[in-house]
Structure formats: structure tokens, C-alpha cells
Amino acid sequence: MNAEQPGKHGPTGRQTQGPEAQPEPEAEEHSGPEPEEGSGPEPEEHSGPEPEERSGAEGERGFEGGEPEGTSTTAGRRTTVRRGTTRGQRSVAGRRTIVDEETAEELPLTREQRAARQPSPPAADRPTAPERPGPGQPQETPHPQERPARPRHPQEPRHRTEPQGPPHPTARRPVAAPSTVTYWMEHAWLETHAEPGVAVDVRDGRIAAVHRGVAVPPPGAEVLRGLTLPGLANAHSHAFHRALRGTVQVGAGTFWTWREIMYSVADRLTPDSYHRLARAVYAEMALAGITAVGEFHYLHHAPGGAPYADANAMGEALLDAAAQAGIRITLLDAAYLSSGFGEPPDQHQQRFSDGSAEAWAERVSLLKDRAHARIGAAVHSVRAVPAEHLGTVAAWARTRGAPLHVHVSEQTAENDACRAAHGRTPVRLLADHGVLGPGTTGVHLTHLTGEDIRLVGDSRTGTCMCPTTERDLADGIGPAAALQQAGSALSLGTDSHAVIDLLEEARALELNERLRTRRRGHWTAAALLRAATADGHAALGWPDSGAIEPGRRADFATVALDSVRTAGPAPRLAAEAAVFAGTTADVRHTVVAGRQVVRDGAHLLVPEVPNALGTAIEALNS
């Protein structure tokens with residue numbers, strides 16, 4: 001029951017924290033990708049490939065910790081989270097769910113910082129993390145502090161083709177979040193409404209308690225003024241497409257002419273240049289309130305198709321870039337074997353191909369989950385993966401409980417070619433080979449038949465819409481409303497990064513449908529926020545993110561309510577103001593695993609993000 005709780009959260013704060021904290025147990029090592037979220041909001045037990053083994057202080061520490069303990073009472077519902085030696089148990093409305101605890105990982109320094117501090121580190125060295133303070137020892141403050149440099153990860157690119165510069169003089173070194181911190185939110189989005197005066201206790205990267213009715217910030221709390229949302233999920237990204245912004249807006253053409261320009265950029269990328277670009281792109285995402293990204297990755301090998309010494313050098317560059325930028329990543333490693341329905345890859349596509357689905361599975365199995373990262377799978381498209389290989393990719397993902405994504409029917413030409421080759425639509429072909437299902441997300445799904453919509457909905461396959469890219473490439477407007485009504489959960493992605501703005505993607509979903517139907521009000525602001533948060537995180541294998549409630553990951557994005565775009569509406573309309581008028585420019589703070597990554601609109605880990613973007617893109621074009 002709700003109780004008036006004096007003290008830390010003030011005389012008017014209704015504290016939802018339960019019994020006194022018990023001694024913190026040792027964290028259990030993460031064991032693989034988490035499955036999709038079930039019918040309730042609580043995290044579910046998962047299984048999958050074991051993460052890399054670490055010894056001593058090298059455990060997964062610093063990025064986030066295990067499950068908090070405590071109780072929450074909201075609208076008559078009591079939630080209890082207990083911590084034991086290996087896992088917690090949560091009881092919600094009479095149901096009991098096992099909650100896996102995860103350990104945390106220190107975010108590494110930038111490559112430039114490592115190079116400056118440790119000249120010519122051997123490739124076999126592994127990073128080491130300093131010991132976290134034990135019980136009774138002083139914890140770190142929530143403000144950035146310096147940490148010792150660490151040696152290079154063994155799976156980072158071994159062949160340096162470009163010089164590494166010195167660290168930026170104003171660079172801040174990433175640090176772990178303090179073990180416990182309180183965030184005071186002027187307004188917090190609690191799934192259905194904007195609640196004023198909310199204090200959120202965070203312990204080891206997860207929400208330990210939510211206190212309502214806290215009129216003023218408690219002493220020592222981090223203050224988040226504006227509307228604080230769960231962290232936004234960017235469910236579909238090709239990081240290197242960011243280098244195309246502006247360039248592809250010259251002249252006219254179609255998706256296919258755009259693709260030729262895109263290939264020219266892909267041809268020039270190396271593991272090091274991709275790392276620099278992706279780090280800046282992911283930092284741009286953090287500035288936009290994005291706390292997790294689904295990176296649809298198919299640049300696997302060197303130009304011409306020769307593998308790097310580390311077969312996953314490009315993928316590891318992306319994983320490291322996300323860690324440096326302070327956000328979570330699901331690396332959706334894509335099978336790409338053909339230029340079109342059995343034709344061999346062309347000269348640009350050779351670096352995308354592993355030759356067979358079996359060779360793809362062997363390579364991607366070398367990648368491991370870590371605290372900030374999940375490894376998922378992708379079928380690039382029915383054009384790029386021959387029908388006889390589809391089942392292999394799907395089986396790899398299903399066996400591991402990993403997310404599986406696939407581009408579907410983005411272009412009418414793809415549908416026509418699929419019918420000519422197989423006598424059926426791409427959706428039907430995927431269904432016939434076991435690709436559709438609750439663990440799968442179809443991206444775009446723009447040009448569907450009524451039967452296609454039924455197959456997607458009945459199989460509970462998710463749908464990721466990317467409205468800004470779909471309009472930029474003149475793809476068309478997909479049947480998002482019909483897909484959701486059929487049973488497909490919606491998520492959102494920025495795809496080609498024509499803009500990186502999840503609020504724009506959310507409102508474009510509604511506004512596109514208004515144009516198509518000439519009718520308003522297909523989705524509420526609450527429904528659009530769910531697509532941008534909880535359902536997006538679930539599609540990426542983070543089902544315990546996306547809500548501000550005990551037990552969830554402490555990932556937040558705060559949107560200003562006093563900008564020229566958002567000022568004026570009553571506080572009860574804060575969500576409507578943010579979704580239908582707010583932009584990336586209104587994102588004031590971003591918190592990931594309880595640690596502030598963006599404060600007052602400035603990235604704390606990547607200095608001068610615009611300069612980092614400009615430098616990385618200019619180097620590609622020089």
C-alpha cells in the first residue's frame with residue numbers, strides 16, 4: 001500500500017521502496033541473449049551462449065549491476081523483488097517470475113586514449129576492470145572521474161591501416177555509475193500518463209524504487225527537469241549510412257540509384273574508420289535520448305571479400321563504438337549471400353558475404369554478449385539470402401533465443417522478383433521457411449498483401465517502421481496500423497539516418513497514416529511512446545528495459561518542456577507536446593544503466609560530437 005514516507009524524499013513523498021535492503025550478493029554472470037518479453041512487464045529468464053570468460057577483476061562490472069530489491073505499490077499492485085545468491089524473484093499480481101541478475105562491465109576508453117597511454121599494446125591483451133568497492137567501502141560519486149587506461153580487447157582489429165591520434169584534450173574518461181543514486185524527475189512518463197514529482201532510486205544500474213508525490217528534489221538527488229521517458233530504442237540502424245546525409249539529397253533517382261552511392265561509402269570503410277564513424281553516430285543517438293540501438297550489420301570482410309585476421313573485426317568495432325558512446329547495442333549480424341535470388345554477390349557485395357549460411361553461422365558464433373551488448377541475427381532480405389539458406393539463419397537465432405531481423409518488401413521490385421523466382425511474396429517465402437515468429441522483426445513491410453498482413457500478425461512477428469528513411473527513399477507508406485491490429489508489435493528505427501530523431505519517427509508513423517487515410521488519431525501519444533521504448537527494446541532482446549518501474553534497467557531520456565517547441569501545453573499534455581512537437585534538440589539528459597551519458601545537452605563521454613562526426617565523414621571522403 002502507498003505510505004507517506006518522510007525523510008529522504010520529503011514529507012510528501014509516497015515511497016514505494018519496501019523492506020530494508022539486504023546485503024548485496026555477488027552478481028551472476030550474464031549467460032546470453034534474453035528472450036522477448038512475455039505478457040507482463042517483468043524480465044524473463046533467458047538462455048543462450050555464454051559470454052567471454054573473465055578472471056579476477058575482469059568481470060562484467062561498471063555498466064550495470066544485478067536486480068534491485070524492494071517493493072512497489074502502485075494502483076493496488078504490489079511488486080516484490082528479492083535478491084539471492086544467484087537470482088531474484090518477483091511476485092506481481094499473484095504471478096511469480098524468475099529474474100536473472102546481470103553483472104556489469106566497465107566501459108573502455110577510446111582507442112585514441114588507449115594508444116596514447118599504452119604504445120603498441122599486444123593484440124592478445126585483455127581489458128581489466130578495477131575492483132568495485134565492496135560493502136561498507138566508499139562508492140564513487142555520480143560525477144565523471146578519471147580511471148586507469150586498459151589494454152586493447154583481443155578481438156579489436158589487429159591490422160591498423162590508419163594512424164591513431166592523441167586523445168582529445170577535453171575528453172572525459174568514462175566511469176561506472178555509482179552503486180546507488182537517486183534521480184528526481186520533474187515529470188516522469190509512467191506508461192499511461194506524465195506523473196509530476198517522481199524520485200527514482202537506482203541501484204547497480206537498475207531501478208530499485210519509484211517514489212511519487214515528491215514535490216522537491218531530495219538532498220543529493222540528480223535533477224532531471226522536463227519530461228523523463230524510458231530510454232528510447234532505435235530498432236534499426238546502418239551506422240555507416242550517416243555518412244550519406246546531404247550527399248544523397250543532390251539530384252533525383254530511386255532507391256536503386258541511392259544504393260550505388262551507399263555502396264561507394266561501404267567500399268571505403270575499414271575497422272578503424274568504421275569505429276570512429278560509429279562512435280560519433282552512436283554519440284549522436286545518445287544526444288537524441290536513444291539508449292539502445294539495433295545495428296543491422298553486413299559489412300563483414302575487407303573489400304573483395306577477404307576475411308580480416310579477426311573475422312569479426314568490423315562487428316567488434318561497432319560493439320566497442322557503442323560502449324565508448326555509452327549506449328547499449330544489439331548487433332544484428334546479417335547473412336548476405338547473393339545479389340538477387342541466387343545470383344552471386346557483385347563487386348561491392350563481396351565483402352558482405354560469408355559464402356554460405358553455415359559459414360555465416362560459424363563466424364557469428366564467435367561473437368559474445370556482454371553487459372552493454374546482445375548478439376542477434378539478420379536475414380538481409382529474400383533477395384540476398386537464397387531460400388535454402390533461410391532456415392539455417394532462423395535456426396541459429398531460435399537456438400540461442402537471439403533476436404532475428406529481416407528487411408521485407410521495402411520495394412515493389414523485390415516483390416516482383418520474388419514472385420518470378422518462387423511464385424510467392426517475400427512474406428510467404430519467409431513463413432514457409434520458418435523465419436516468421438515471436439522472435440522475429442520484419443523491417444519496413446511496406447508493400448504487403450492482405451494475406452501477408454495476416455501471416456505477420458498470426459505469427460506474432462514484430463514490425464519495425466522507419467518513416468523518415470521510407471519517405472527519404474520514396475519507398476512508400478507501410479500498413480502499420482493494419483499490422484498492429486493483426487497482432488504485430490510496432491517498433492521504430494532511424495535506418496539510413498537521414499535524421500536521428502525517434503520523436504520524429506514516432507509522430508511520422510501517425511502523420512503518414514493520416515495522409516494515407518485522410519483521418520486523424522490512429523495512435524495516441526502513449527501508444528507511439530510504447531513503440532519508441534518498451535516494444536523497441538523487446539525487439540532488440542532487452543525486454544526488461546523501456547519502463548520506469550522497479551526491476552527495470554535504469555535507462556532514461558529527458559525532454560525539455562520549456563523550449564520554443566514544447567512550451568505552453570499543460571503538464572498533463574507533456575507526452576503529446578514531446579511526441580508531436582519535440583525534437584532531438586529538446587533532449588536534455590540521457591541516462592544509461594543509472595549513469596548520465598548526456599547532461600544538459602552535452603555528451604559526457606564523446607567530446608564535441610559534431611566535430612567527431614565531421615572528422616570521421618571527411619576522412620572517408622578524402
Side-chain angles (χ1 to χ4, degrees), residues 107 109-113 116 144 162-174 226 231-232 234 237-250 261-262 265 268-269 272-293 295 317-318 320-327 329 468-469 472 493-505 557-560 563-565 582-592 595-622:
L107 289 181
L109 299 175
T110 65
R111 296 182 177 200
E112 292 82 358
Q113 289 167 330
E162 301 173 35
Q164 300 297 301
H168 192 283
T170 63
R172 300 191 188 210
R173 295 176 184 135
L232 304 177
N234 188 353
S237 162
H238 302 288
F240 76 95
H241 288 190
R242 175 62 178 82
L244 300 172
R245 190 181 295 179
T247 303
V248 292
Q249 304 304 336
V250 177
I261 302 173
M262 180 268 288
V265 173
R268 298 194 293 272
L269 285 164
D272 291 318
S273 63
Y274 203 6
H275 176 271
R276 283 192 287 274
L277 176 61
R279 175 176 175 266
V281 173
Y282 296 152
E284 182 183 359
M285 291 185 191
L287 290 171
I290 293 165
T291 59
V293 60
E295 183 61 38
L318 292 167
D320 188 60
Q324 295 292 329
I327 68 172
I329 184 173
T468 64
T469 292
D472 182 63
T494 62
D495 193 358
S496 68
H497 312 312
V499 296
I500 294 178
D501 190 336
L502 257 290
L503 297 175
E504 172 64 18
E505 302 292 345
T558 303
V559 179
S563 75
V564 293
R565 290 163 295 277
T583 71
T584 290
D586 299 311
V587 175
R588 185 169 282 166
H589 310 291
T590 303
V591 175
V592 182
R595 179 187 65 171
Q596 274 199 287
V597 175
V598 173
R599 181 185 299 141
D600 295 323
H603 203 292
L604 301 182
L605 307 179
V606 180
E608 300 180 20
V609 176
N611 181 66
L613 285 163
T615 301
I617 293 170
E618 183 180 0
L620 281 179
N621 295 329
S622 61

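- The side-chain hydrogen bond (donor to acceptor under 3.5 Å, both in side chains) pairs that include a residue from residues 612-622 are R268-N621, where partners are two or more places apart or lie in different chains.
- Side-chain atoms of E505 and T468 include a donor-acceptor pair closer than 3.5 Å.
- In terms of heavy-atom proximity, A585 sits nearest to R565 at CB-NH2, 3.8 Å.
- The side-chain heavy atoms of L287 and V587, taken from C-beta on, include no pair separated by under 4.5 Å.
- A side-chain N or O of T494 and one of N234 form a donor-acceptor pair less than 3.5 Å apart.
- In this structure, CZ on R588 lies 14.0 Å from CZ on R599, to the nearest 0.5 angstrom.
- Side-chain contact check for L503 versus T584: every heavy-atom pair is 4.5 Å or farther apart.
- Scanning both residues, A239 and A278, for their nearest heavy atoms gives CB-CB, 4.3 Å.
- Taken to the nearest 0.5 Å, the CG atom of D495 stands 4.0 Å off from the OG1 atom of T469.
- Across every non-hydrogen atom of V606 and Q324, the tightest pair is CG2-O, 3.9 Å.
- Using a 4.5 Å cut-off on side-chain heavy atoms (C-beta onward), T590 and Q596 make no contact.
- Nearest heavy atom pair, residue R279 against residue P607, reads NH2-CD, 4.3 Å.
- Every pair passing salt bridge (charged side-chain N to carboxylate O under 4.0 Å, His left out) that includes a residue from residues 237-247 is listed here, sequence neighbours excluded: R242-E284, R245-E284.
- Taking each heavy atom of S237 and V293 in turn, the nearest pair found is CB-CG2, 3.5 Å.
- Residues I329 and Y282 meet the side-chain proximity criterion, which asks for heavy atoms closer than 4.5 Å.
- When I500, L232, D501, L502 are each tested for a side-chain contact (heavy atoms from CB on, under 4.5 Å) with M285, only one passes: I500.
- Put simply, the side chain of H603 gets close to the backbone of L605: a donor and an acceptor are under 3.5 Å apart.
- A286 approaches I327 most closely through the heavy-atom pair CB-CG2, 3.9 Å.
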Start with the C-alpha gap between T291 and V597, add the side-chain angles, then the distance that decides, and say whether side chain to side chain contact (heavy atoms under 4.5 Å, CB included) holds. CA-CA 9 Å; T291 59; V597 175; over 6 Å; no
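- For T558, the side chain to side chain contact (heavy atoms under 4.5 Å, CB included) partners are L224, T228, H589, not counting sequence neighbours.
- Looking at D320 and H275, their side chains do bring a donor and an acceptor atom within 3.5 Å of each other.
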